[in-house]
Structure formats: C-alpha cells, structure tokens
Amino acid sequence: MNALTIDVEDWHHDGDGLRPSGAAYEDARVERNLHRLLDLLDATRTRATLFVLGEVAERFPDLVRDAFRRGHEIASHGYRHRPVGAWLRREFRDDVARSRALLQDLTGAPVRGYRAPYFSIKAGVHWPGDVLAELEVGYDSSVLPIDRPPGLELVSPRGPYRLASGVWEVPIAVNRFGFWNLPLCGGFALRVLPVGFVERRLAEFNRDVGPAVVHLHPWELDAGGPEPASVPAAVRRLKRLGRSSLPRKLERLLAAHSFDSIATVFGAVFGGPRSAPHSPSA
C-alpha cells in the first residue's frame, strides 16, 4: 500500500504566496477542483492525506469538513503559502500553529501532519523540525531527498526517518533513474509521462524502499485554469502540460494500486521504537 497526498491550495498560491493575507477569492477554483478530485477518490475507494492551506480552509470550511467526512486525513500545509526560509522562527511557529488550530476546529480531530509550501524545509536545516516538535506535530513531509532535480545525489533518506528533533520525516517518493534521482510518481510525472512508466517506477520504489508517498494538487486536474503572472513563462507552460489527461491516468493508477493516508500507511512505523536516521543512500 502507498500513501496518496494532496496539497490543497488554489491556482494562484504557487506564484503569489506572498500576496497580502485575506486577498480576494473571486477567482478561486480550488473548491470545484478538489470536489472533482474527491469524487474520483470515492469512485476508486481511495483515501488520502490532504495537506490543507489555512487560507483555503478559512475561506472554504465546508470543503475541509466534506473531505474529512469522506474519510480522508486532514493535515497542515501552513496558513499562508510562503517558503519556510521567508519566515522568522516565531513567524513560522505562529503560521503552523494557526493552521493546525483552524483545521482541528473544523474537523474536531487532531492534526498530526505538516508539509511546508514548496517542500521548503531543507535537509540539514534543523530549526523548522525543532519548531514542529515544540508544536507536537507527529510527522513532516517537507524534506526532499534531493536538493533540486535532476538530483545527482541523495541528501537524505528516501524512506521514513526521524529528524534530529524526533519528528518523523516522510518524504515524497524519489526514484533512481540512470544517473539521476527524480520524483517520478507524482502529479507532474503522471501528467507528462505514460501511466505505465509511472507504474513501473512505483513498483521499483516499493521493491527498493517500501511504500511510496505520491503527491499532487487539485489545480493539476483543471485543464482550463489560469496561472499566476508572477511565475516565469517556461514554468507556466510546464504546469499546464498534461492536465486534461491527468484524471484518466490517475483513475487508472488508483484502480490498479492500493493507496491510503500517510497515517494509515505509516502508522505502525510512527508507533514503533525510536530509530536513528538512515543513510541518505537508502
């Protein structure tokens, strides 16, 4: 069984994460995009972990409640979509605490997981993990095992491990492919590559490492959605590739393979004895 994760943010957050808090949502598309994705998960009897941005939860509280009622794990994506390096320590703490309080109030359940916008907690940078430990976050899914694609070397383990603070780190799946280490099981790969290729990479990861953490965004299903003007033109083109084919490919992947939430897939690991971090070669 693998873990499916969804970063619940709107189309503009990836480029305009620094827009003033409370900016207008007349152009919001996240509600219909996530409903479409949740219906697809229902059809394939799949449960997932939703890393929900606090701004989205505050604007669309019923969206969070609906996802929780459907059986999905609700986790934090922070309140505002800013890279962790843009925060002072106390600002980062306040942002995570605010988002978790909001989500816990909406669901009535503990929020155990966190994922930073842009996967912006870097391997070897310890203070964000210390803050998450102070807040009693159960696990993080923010540290990429590579510095940047194409990753010529691993900078952290590919499977779950504990940060120096004691918080569990559950990285997204990164495959070894030739000389490179690349994320070849997530939304971008599904959009631009044949689904059979992605399935083979998923099987390789399961064989070599264990359960994979696959991630995507609701906007990746939105073929007609806009892009932030602040994002470079080349990046905007990459983000638009393959959106119309993603629902079909994702349905095939979910129908053929078992997926659930991070809490379900890795619950036994989290509940086990404390273990030392693995070698980055794992």
Side-chain angles (χ1 to χ4, degrees), residues 1-11 13-14 29-53 56 63-64 66-75 77 113 115 119 141 144 149 170-175 177 182-206 209-227 236-266:
M1 184 177 289
N2 300 289
L4 180 66
T5 65
I6 301 164
D7 292 357
V8 182
E9 59 198 53
D10 215 339
W11 65 271
H13 285 114
D14 211 20
R29 301 173 75 95
V30 65
E31 189 173 27
R32 64 177 178 181
N33 289 339
L34 185 59
H35 275 309
R36 182 183 181 190
L37 185 50
L38 292 176
D39 289 344
L40 190 156
L41 299 184
D42 283 348
T44 56
R45 299 182 179 180
T46 300
R47 298 294 175 264
T49 296
L50 276 59
F51 291 99
V52 183
L53 194 66
V56 172
L63 193 60
V64 179
D66 179 45
F68 182 73
R69 281 194 296 264
R70 297 194 198 205
H72 301 290
E73 179 189 12
I74 303 300
H77 198 33
R115 175 176 286 162
F119 296 98
S141 185
L144 286 175
V170 189
I172 64 166
V174 167
N175 291 84
F177 191 70
L182 296 167
L184 295 175
C185 296
F188 178 75
L190 268 175
R191 284 190 285 117
V192 303
L193 297 170
V195 67
F197 176 89
V198 175
E199 288 184 289
R200 290 192 293 275
R201 303 292 80 76
L202 184 64
E204 287 175 1
F205 190 93
N206 293 158
V209 182
V213 177
V214 173
H215 83 289
L216 64 144
H217 305 80
W219 55 257
E220 292 186 88
L221 282 74
D222 190 356
E227 291 296 337
R236 291 200 299 270
R237 287 193 291 271
L238 283 175
K239 290 181 67 177
R240 298 197 64 81
L241 286 176
R243 290 192 189 187
S244 60
S245 67
L246 181 59
R248 171 182 52 81
K249 291 179 176 179
L250 182 60
E251 185 172 15
R252 171 176 160 176
L253 185 73
L254 298 180
H257 303 271
S258 295
F259 285 87
D260 212 309
S261 67
I262 285 179
T264 297
V265 174
F266 296 101

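Taking CD1 of Ile6 as the start and CG of Leu37 as the end, the distance is 4.0 Å to the nearest 0.5 Å. Between the SG atom in Cys185 and the CD atom in Glu204 there is a gap of 8.5 Å [rounded to 0.5 Å]. The structure places CZ of Phe259 at 8.0 Å from CG of Leu250, a figure rounded to the nearest 0.5 Å. In this structure, Leu53 CG and Asp7 CG are separated by 9.5 Å, a value rounded to the nearest 0.5 Å. Of the inter-residue distances, the one linking Asn2 atom CG with His257 atom NE2 reads 8.5 Å to the nearest 0.5 angstrom. Distance check, rounded to the nearest 0.5 Å: OG1 of Thr5 to CG of Leu216 gives 7.0 Å.
Atom CZ of Arg45 is surrounded by 12 or fewer heavy atoms from other residues, nucleotides or ligands within 6.0 Å.
For the residue pair Ser261 and Glu73, the shortest heavy atom distance occurs at CB-OE1, 3.6 Å. When every heavy atom of Val56 is checked against every heavy atom of Asp10, the shortest pair comes out as CG2-N, 4.3 Å. Of all the heavy atoms in Pro247 and Arg36, the pair that sits closest is CG-NH2, 3.3 Å. Between Leu50 and Ala67, the shortest heavy-atom contact is CD2-CB, 3.5 Å. The heavy-atom pair separating Glu199 from Ala256 by the smallest distance is OE2-CB, 3.8 Å. For Asn33 against Pro218, the heavy-atom pair with the smallest separation is CB-O, 3.6 Å.
Cation-pi check for Lys239 over Trp219 is met; the charged atom lies under 6.0 angstrom from the ring centroid and within 45 degrees of its normal. Taking the ring axis of Phe197 as reference, the NZ or CZ atom of Arg201 stays within 45° of it and closer than 6.0 Å to the ring centre.
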Check: Step by step, would you call Val213 with Val265 a side-chain contact (heavy atoms from CB on, under 4.5 Å)?
Finding: CA-CA 9 Å; Val213 177; Val265 174; over 6 Å; no
Next item on the list: Walk me through it: do Arg70 and Asp39 pass the test side-chain contact (heavy atoms from CB on, under 4.5 Å)?
Entry: CA-CA 10 Å; Arg70 297 194 198 205; Asp39 289 344; 2.8 Å; yes
Next item on the list: Please step through side-chain contact (heavy atoms from CB on, under 4.5 Å) for the pair His72 and Leu41, ending with a clear verdict.
Entry: CA-CA 10 Å; His72 301 290; Leu41 299 184; 3.6 Å; yes
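Between the side chain of Arg191 and the main chain of Leu246, no donor-acceptor pair closer than 3.5 Å is present.
No close placement of the His215 and Phe51 rings is indicated, their centers lying 6.0 Å or farther apart.
Residues Lys249 and Leu193 form no side-chain contact, since every pair of their non-hydrogen atoms from C-beta on lies 4.5 Å or further apart. A heavy-atom distance below 4.5 Å is not found between the side chains of Phe188 and Pro183. Counting heavy atoms from C-beta on, the side chains of Val214 and Leu190 never come closer than 4.5 Å. In this structure the side chain of Val198 never reaches within 4.5 angstrom of the side chain of Leu184, judged on heavy atoms. Taking 4.5 Å as the limit, every side-chain heavy atom of Leu182 sits out of range of all side-chain heavy atoms of Asn175. Counting heavy atoms from C-beta on, the side chains of Val30 and Val8 come closer than 4.5 Å.
With sequence neighbours left out, Arg47 forms a side chain to side chain donor-acceptor pair (under 3.5 Å) with no residue at all. Here Glu31 pairs with nothing under the side chain to side chain donor-acceptor pair (under 3.5 Å) rule; sequence neighbours left out. Every residue two or more places apart in sequence or in another chain that forms a salt bridge (Lys or Arg N to Asp or Glu O under 4.0 Å) with Asp222 is listed here: Arg29.
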